[in-house]
Number of protein chains: 2
Amino acid sequence: MQDTKERIIGLADQLIKTKGFNAFSYKDISDPLEIKNAAIHYYFPTKTDLGVAVIDTEIERFKSHTAKWSNMPEDKQLKQLFETFSRKHKEGLVCLMGTLSPDYKTFPEPLQEKVAAMSAAFAEWTAQCLENGRKKAIFFFDGDPYDRALLVLSNLLASLLMSRVMGVRTFGKITGQLFKDLTTAHKQE
Amino acid sequence: MQDTKERIIGLADQLIKTKGFNAFSYKDISDPLEIKNAAIHYYFPTKTDLGVAVIDTEIERFKSHTAKWSNMPEDKQLKQLFETFSRKHKEGLVCLMGTLSPDYKTFPEPLQEKVAAMSAAFAEWTAQCLENGRKKAIFFFDGDPYDRALLVLSNLLASLLMSRVMGVRTFGKITGQLFKDLTTAHKQE
DNA sequence: TTGTTTACTTACTTACAAGTAAGTAACTTT
DNA sequence: AAAGTTACTTACTTGTAAGTAAGTAAACAA
């Protein structure tokens with residue numbers, strides 16, 4: 001039964017996105033799945049291994065999503081990215097980068113590396129999308145597309161975090177204004 | 001000796017900004033200060049009390065800073081805000097909002113309330129600064145000043161988080177582009 | 001049919017976390 | 001001088017965390 005393994009990853013993913021990596025425990029997984037904590041260690045010898053598996057799953061999910069969008073115009077592609085964040089927002093979750101980056105320094109190296117790889121994948125895709133979109137006059141922005149991608153991702157990441165504290169409307173306020181900025185040719189004065 | 005109390009708050013502040021609230025322990029404080037963990041409980045009966053004290057100190061610091069800047073032109077005021085984040089960045093720290101918001105749901109109510117109060121203070125000041133600056137044609141941006149303030153704060157918060165994972169240059173790339181955007185009258189196409 | 005692998009459980013260990021009760025030395029007030 | 005009060009320490013409790021060694025029942029393979 002690979003089923004149990006995938007359920008463990010799925011629950012760990014949820015727990016990381018609600019409580020944070022250091023704050024969830026094996027009991028939070030073994031209780032609802034009605035297994036013993038040793039069963040988790042059977043699949044993932046250490047908590048680090050489990051963390052790595054969760055991130056790997058996220059990277060794969062991202063790659064398969066973006067592959068599906070690749071024939072859309074760039075503004076639609078970016079909208080799709082916004083949509084994945086919006087879905088997390090509706091479930092009261094934050095993104096993996098958002099939870100994992102504050103705790104980053106407490107992680108053992110293999111986990112740090114995975115987090116870095118994930119962030120690189122996000123940034124590269126977004127930079128490419130923005131660059132292509134600007135060439136086609138779909139997007140309008142100053143500066144290097146990679147730098148702009150960092151701004152966009154920083155807004156998406158933080159909008160989920162801030163929504164937790166400042167209320168659910170915060171997400172829409174940030175992402176709405178952000179998308180408008182990128183797709184508006186001129187600023188009025 | 002109020003000295004010990006302040007040293008505990010100072011170290012807790014550092015620890016929250018490096019490891020996160022749930023990941024630091026009383027030992028991380030009692031060892032370097034060469035006191036016993038019971039001494040921390042003497043001043044702060046619970047970890048929540050300590051967290052609240054750290055946030056209160058941060059709010060006071062913010063209020064006294066902004067009060068000092070109040071006669072500057074708005075772009076200088078905002079630059080000062082950026083500078084406070086830049087200082088944290090140089091020390092390898094993130095901001096309190098950045099660490100505390102992912103763990104928010106694991107906090108007891110009094111701590112949640114303090115985090116919310118802190119975020120409100122930041123947002124209100126920034127919104128006011130942006131609104132005043134736009135009236136004087138120092139800043140140029142579309143939309144509601146409060147919404148724009150959320151974008152600015154989200155970029156500042158996330159730039160510290162992302163720098164941890166994606167390298168120290170990330171901070172400058174995000175904040176540099178952000179400031180340019182706000183102080184540029186027109187976008188070129 | 002015997003042996004091996006898979007997918008766990010049982011039953012523990014070690015470590016460390018937050019928190020507390022009771023004591024104490026030094027200083028302060030009456 | 002006696003009685004607090006302050007600022008701790010000593011010594012402990014309780015709970016929970018990650019992790020492990022050894023066992024087992026069922027499926028599968030030789």
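All values reported here derive from a predicted model rather than from experimental measurement. The chains referred to below are lettered A, B, ... by the order of the sequence lines, with proteins before strands, and numbering in each begins at 1.
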R148(B) and D181(A): CA distance, side-chain angles, deciding distance, salt bridge (Lys or Arg N to Asp or Glu O under 4.0 Å) verdict:
CA-CA 11 Å; R148(B) 184 61 57 177; D181(A) 284 355; 2.7 Å; yes

Nearest-Å distance, [atom1] ([X]) to [atom2] ([N])?
{"X": "K19(B)", "N": "dC16(C)", "atom1": "NZ", "atom2": "C1'", "result": "12 Å"}
{"X": "I35(A)", "N": "dT6(C)", "atom1": "CD1", "atom2": "P", "result": "18 Å"}
{"X": "E6(A)", "N": "dA7(C)", "atom1": "CD", "atom2": "C1'", "result": "15 Å"}
{"X": "D31(B)", "N": "dC16(C)", "atom1": "CG", "atom2": "P", "result": "11 Å"}
{"X": "L33(A)", "N": "dC8(C)", "atom1": "CG", "atom2": "C1'", "result": "13 Å"}
{"X": "E34(B)", "N": "dC8(D)", "atom1": "CD", "atom2": "C1'", "result": "15 Å"}

Indicate whether OP1 or OP2 belonging to [N] is found under 4.0 Å from a side-chain N or O atom of [X].
{"X": "Y43(A)", "N": "dC8(C)", "answer": "yes"}
{"X": "Y42(B)", "N": "dC8(D)", "answer": "no"}
{"X": "S25(B)", "N": "dA17(C)", "answer": "yes"}
{"X": "Y26(A)", "N": "dA17(D)", "answer": "no"}
{"X": "T4(A)", "N": "dC8(C)", "answer": "yes"}

Note down the inter-axis angle between the two ends of the helix from dT1(C)-dA30(D) to dT30(C)-dA1(D), five pairs each, to the nearest 10°.
0°

Roughly how far, to the nearest 0.5 Å, is CG of D13(A) from OG1 of T18(A)?
9.5 Å

Between CZ on residue F44(A) and CD1 on residue I8(A), distance to nearest 0.5 Å
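If I round to the nearest 0.5 Å, the distance is 6.0 Å.
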
Scan residues 47-58 of chain A against DNA chain C and write down, sorted by residue number, each residue with any heavy atom closer than 4.0 Å; if none is found, say none.
none

Would L182(B) and F140(B) count as a side-chain contact (heavy atoms from CB on, under 4.5 Å) if you check the C-alpha gap in whole Å, the side-chain angles of each, and the deciding distance to 0.1 Å?
CA-CA 5 Å; L182(B) 285 167; F140(B) 306 91; over 6 Å; no

Heavy atoms only, 4.0 Å cut-off, all strands: where does F24(B) land among base, sugar-phosphate and nothing?
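If one applies the 4.0 Å heavy-atom cut-off, F24(B) turns out to touch the sugar-phosphate alone, with no base involved.
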
Among F141(A), F179(A), F82(A), F122(A), which residue meets the side-chain contact (heavy atoms from CB on, under 4.5 Å) test with V152(A)?
F82(A)

Between protein and nucleic acid, restricted to nucleotides 20-29 of chain C and to nitrogen or oxygen atoms under 3.5 Å apart, what atom pairs and distances do you find?
none

Provide the full list of side-chain hydrogen bond (donor to acceptor under 3.5 Å, both in side chains) pairs with a residue in residues 57-75 of chain B, sequence neighbours left out, each pair given once.
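Non-adjacent pairs meeting side-chain hydrogen bond (donor to acceptor under 3.5 Å, both in side chains): K17(B)-E58(B), E58(B)-R61(B), E58(B)-K88(B), E74(B)-K136(B).
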
Passes side-chain contact (heavy atoms from CB on, under 4.5 Å), F62(B) versus M118(B)? Steps please.
CA-CA 9 Å; F62(B) 179 71; M118(B) 177 178 64; over 6 Å; no

Which nucleotide sits closest to the side chain of K36(B): dC8(D), dC8(C), dT9(D)?
dT9(D)

For residues 96-120 of chain A, which residue pairs pass the ring-ring contact (aromatic ring centres under 6.0 Å, His included) check, not counting sequence neighbours?
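Pairs touching residues 96-120 of chain A that pass the test: F21(A)-F107(A).
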
Flag yes if L93(B) and L100(B) sit in one hydrophobic cluster, no otherwise; membership is Ile, Leu, Val, Met, Phe, Trp, Tyr, and two members link when side-chain heavy atoms are under 4.5 Å apart.
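Per the 4.5 Å side-chain linkage, L93(B) and L100(B) are not co-clustered.
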
F24(A) ring centre to K47(A) NZ or CZ under 6.0 Å, with the angle to the axis within 45°?
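Yes, K47(A) and F24(A) form such a contact.
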
Side-chain donor-acceptor contacts of residues 31-42 of chain A below 3.5 Å, not counting sequence neighbours, with atom names and distances?
unit_1, atom_1, unit_2, atom_2, d
D31(A), OD2, K27(A), NZ, 3.0
H41(A), ND1, P45(A), O, 2.9

